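Heads up: the structure comes next, in structure tokens.
What you see is a predicted model, and the numbers here were worked out from it, not measured in a lab.
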Amino acid sequence: MTENKRNYRHGFTGTPIYRRWARMVERCHNPEHPAYARYGARGIQVCPRWRVSFGVFLHDMGEMPFPDAQIDRIDNARGYERGNCRWVTRTQNMNNRTDNRYIEHGGEKLTLADWGRRTGIAPATIAQRIKKGWSVDRALTEPVKKTLARIVVHGN
């Protein structure tokens, strides 16, 4: 029996959890996948048990606990395997990226994106301020100046 027929029998084909599993396998094991360079080419693999069986993956991970849940690797240096994966929100998953920029302020170390959410200042603005030589404190606390757009009226 082929893998596709075996996976079809579980009744999950086309569901969000099945799509999460299929994309995970693709980005780690298909060199043609757009994200392969960040996963498979770096040695990130799906454990053999999960790679060949959606049912085993489902048994180990359980159902998605909420809509739009994403699979997160706890240790980004390791692959997708039981004990190294969990269901998280998109925000939690983005905070576990290897290329995040962290800023420490007031005894807290948060990502640039988290500071943006907390302060209401766009992360790009915070980054630009620090790049210009502002202190972290000033970059995170000085309100953004609102500028009025100049309205040009043509004719009378």
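Linking Ile, Leu, Val, Met, Phe, Trp and Tyr residues whenever their side-chain heavy atoms come within less than 4.5 Å places M64 and V56 in a single cluster. A chain of hydrophobic side-chain contacts below 4.5 Å, direct or via other Ile, Leu, Val, Met, Phe, Trp or Tyr residues, connects L58 to M24. Residues V144 and I130 fall within the same hydrophobic cluster, defined by Ile, Leu, Val, Met, Phe, Trp and Tyr side chains chained together at heavy-atom separations under 4.5 Å. The cluster map of Ile, Leu, Val, Met, Phe, Trp and Tyr, joined by side-chain heavy atoms under 4.5 Å apart, puts L110 and I121 in the same cluster.
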Candidate pair I126 and R101, rule side chain to side chain contact (heavy atoms under 4.5 Å, CB included), full reasoning: CA-CA 11 Å; I126 297 168; R101 180 169 177 191; over 6 Å; no
Verdict with supporting geometry, D72 and Q92, side chain to side chain contact (heavy atoms under 4.5 Å, CB included): CA-CA 8 Å; D72 179 58; Q92 289 170 308; over 6 Å; no
Step-by-step side chain to side chain contact (heavy atoms under 4.5 Å, CB included) determination, E108 to R118: CA-CA 12 Å; E108 287 187 275; R118 181 170 292 180; 2.5 Å; yes
side-chain hydrogen bond (donor to acceptor under 3.5 Å, both in side chains) evaluation trace for R27 with Y80: CA-CA 11 Å; R27 68 180 166 257; Y80 290 94; 3.1 Å; yes
CA sep, side-chain torsions, deciding dist, call: T13, F54, side chain to side chain contact (heavy atoms under 4.5 Å, CB included): CA-CA 10 Å; T13 304; F54 170 77; over 6 Å; no
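Nearest heavy atom pair, residue C85 against residue I74, reads N-CD1, 4.2 Å. The two atoms that bring R129 and R138 nearest to each other are NH1-O, 4.0 Å, heavy atoms only. In this structure, R78 and E81 approach most closely via the heavy-atom pair NH2-OE2, 2.5 Å. In terms of heavy atoms, P123 sits closest to A113 at CG-CA, 4.0 Å. In this structure, I44 and R73 approach most closely via the heavy-atom pair CD1-NH1, 3.5 Å. Scanning all heavy atoms of the two residues, the minimum distance from I17 to F57 falls at CG1-CE2, 4.1 Å.
Between atom CZ of residue R19 and atom CD of residue E26 there is a gap of 14.5 Å, rounded to the nearest 0.5 Å. Annotation: the span from D60 atom CG to R49 atom CZ amounts to 4.5 Å, rounded to 0.5 Å. Separating the CD atom in E142 from the OG1 atom in T125 is a distance of 12.0 Å, to the nearest 0.5 Å. Summarising the geometry, atom CD belonging to Q128 is positioned 5.5 Å from atom NZ belonging to K131; distances are rounded to the nearest 0.5 Å.
W21 contributes a side-chain N or O that, together with a main-chain N or O of W50, makes up a donor-acceptor pair within less than 3.5 Å. A donor-acceptor distance shorter than 3.5 angstrom exists from the side chain of R20 to the backbone of A69, with no hydrogens or angles considered. Judged purely by atom type and a 3.5 angstrom limit, W87 uses its side chain to pair as donor or acceptor with the backbone of M61. The main-chain N or O of I71 is never found under 3.5 Å from a side-chain atom of R86 such that the two would form a donor-acceptor pair. The backbone N or O of D75 lies less than 3.5 Å from a partner atom in the side chain of N84, making a donor-acceptor pair. A donor-acceptor pair under 3.5 Å links the side-chain atoms of W115 to the main chain of I103, judged by distance alone.
Other residues, nucleotides and ligands contribute over 12 non-hydrogen atoms within 6.0 Å of the CZ atom of R117.
In this structure, V46 and H29 have side chains that are in contact, with non-hydrogen atoms separated by less than 4.5 Å.
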